[in-house]
Participant: 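My questions will all concern the structure given below.
Note that the coordinates shown come from a computational prediction; the quantities given were computed from them, not determined experimentally.
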Amino acid sequence: MSTSTAHRVRPTAAAGIAEPPDETLREIPLPPYVTGEDAQFAVRAVVVHAPRHWSGGTICRNDANPHPCRLHRWGTRVLALRGLRDADIAALIERGDPTASLPPRPSA
């Protein structure tokens with residue numbers, strides 16, 4: 001395999017080191033309120049961009065960026081705004097179905 005076609009894992013930042021200030025500006029903005037369509041896009045984002053363990057560390061299964069990638073973080077934040085707990089989000093990822101329906105919204 002030539003070096004031009006070799007797949008490389010991008011290095012992750014060491015624990016305890018803050019991200020550069022411009023990294024915050026790269027975050028995908030959250031919708032002003034979360035619709036059902038936003039939530040379905042978020043389910044797709046967290047499932048498709050799930051973690052994959054690789055020799056260089058944990059990477060995004062879809063784009064080989066360090067996990068969690070931008071879309072996974074966005075999807076997780078949207079689902080949290082929708083009222084899902086971390087366990088609910090982890091269950092969606094474990095299920096592995098990007099078209100899965102959301103669990104019922106928790107009552108207030």
Side-chain angles (χ1 to χ4, degrees):
M1 187 182 284
S2 71
T3 57
S4 63
T5 60
H7 296 284
R8 294 191 177 98
V9 176
R10 296 179 192 157
T12 59
I17 297 176
E19 291 184 60
D22 62 329
E23 289 296 317
T24 304
L25 298 176
R26 293 167 145 196
E27 287 296 322
I28 300 169
L30 294 172
Y33 53 91
V34 179
T35 65
E37 187 178 32
D38 293 327
Q40 280 306 133
F41 282 133
V43 169
R44 185 173 197 84
V46 297
V47 171
V48 170
H49 294 268
R52 179 177 182 185
H53 300 289
W54 200 256
S55 61
T58 304
I59 61 171
C60 170
R61 181 174 63 191
N62 188 58
D63 58 20
N65 280 310
H67 186 76
C69 68
R70 288 176 50 193
L71 277 171
H72 187 88
R73 290 191 307 265
W74 175 84
T76 302
R77 291 191 328 254
V78 168
L79 293 174
L81 285 174
R82 183 74 176 189
L84 273 70
R85 300 177 317 230
D86 289 340
D88 297 329
I89 297 170
L92 286 169
I93 294 168
E94 183 69 30
R95 201 164 145 196
D97 180 7
T99 61
S101 58
L102 291 168
R105 289 181 94 172
S107 54

Participant: Just grab all the ring pair (Phe, Tyr, Trp, His ring centres under 6.0 Å) pairs involving residues 75-100, residues at least two apart or on different chains.
Facilitator: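 Of all non-adjacent pairs touching residues 75-100, none passes ring pair (Phe, Tyr, Trp, His ring centres under 6.0 Å).
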Participant: Which donor-acceptor pairs under 3.5 Å do side chains of residues 74-81 form with protein atoms, sequence neighbours excluded?
Facilitator:
residue : atom : partner : partner atom : Å
Trp74   : NE1  : Pro29   : O            : 3.3
Thr76   : OG1  : His72   : O            : 2.8
Arg77   : NH1  : Glu27   : OE1          : 2.8
Arg77   : NH2  : Ile28   : O            : 2.8

Participant: Provide the closest heavy-atom pair for Ile93 versus Ala50 in the form atom of the first, atom of the second, distance.
Facilitator: CG2-CB, 3.9 Å
Participant: Sequence neighbours excluded, which residues qualify as side chain to side chain contact (heavy atoms under 4.5 Å, CB included) partners of Thr99?
Facilitator: Arg44, Asp97
Participant: Who pairs with Asp88 by salt bridge (Lys or Arg N to Asp or Glu O under 4.0 Å), at least two apart in sequence or on another chain?
Facilitator: Arg85
Participant: For His49, give me all partners under ring pair (Phe, Tyr, Trp, His ring centres under 6.0 Å), at least two apart in sequence or on another chain.
Facilitator: none
Participant: Taking Arg61 for the side chain and Arg52 for the main chain, is one N or O donor matched with an acceptor at less than 3.5 Å?
Facilitator: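 The answer is no, because no donor-acceptor pair under 3.5 Å joins these two groups.
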Participant: Taking a hydrophobic cluster as the set of Ile, Leu, Val, Met, Phe, Trp and Tyr residues connected by side-chain heavy atoms closer than 4.5 Å, whether directly or through intermediates, do Ile59 and Val48 fall within one such cluster?
Facilitator: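 Per the 4.5 Å side-chain linkage, Ile59 and Val48 are not co-clustered.
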Participant: Rounded to the nearest 0.5 Å, what's the gap from CG on Leu71 to CG on Asn62? Could you check?
Facilitator: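 Nearest 0.5 Å value for the CG-CG distance: 8.0 Å.
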Participant: Under the salt bridge (Lys or Arg N to Asp or Glu O under 4.0 Å) test, which residues partner Arg70, sequence neighbours left out?
Facilitator: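 In terms of salt bridge (Lys or Arg N to Asp or Glu O under 4.0 Å), with neighbours along the sequence ignored, Arg70 is linked to no residue.
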Participant: Kindly list each side-chain donor-acceptor pair under 3.5 angstrom involving residues 31-43, sequence neighbours excluded, with atom names and distances?
Facilitator:
residue : atom : partner : partner atom : Å
Thr35   : OG1  : Glu37   : N            : 3.4
Thr35   : OG1  : Asp38   : N            : 3.1
Thr35   : OG1  : Asp38   : OD2          : 3.1
Asp38   : OD2  : Thr35   : N            : 3.1
Gln40   : NE2  : Ala100  : O            : 3.2

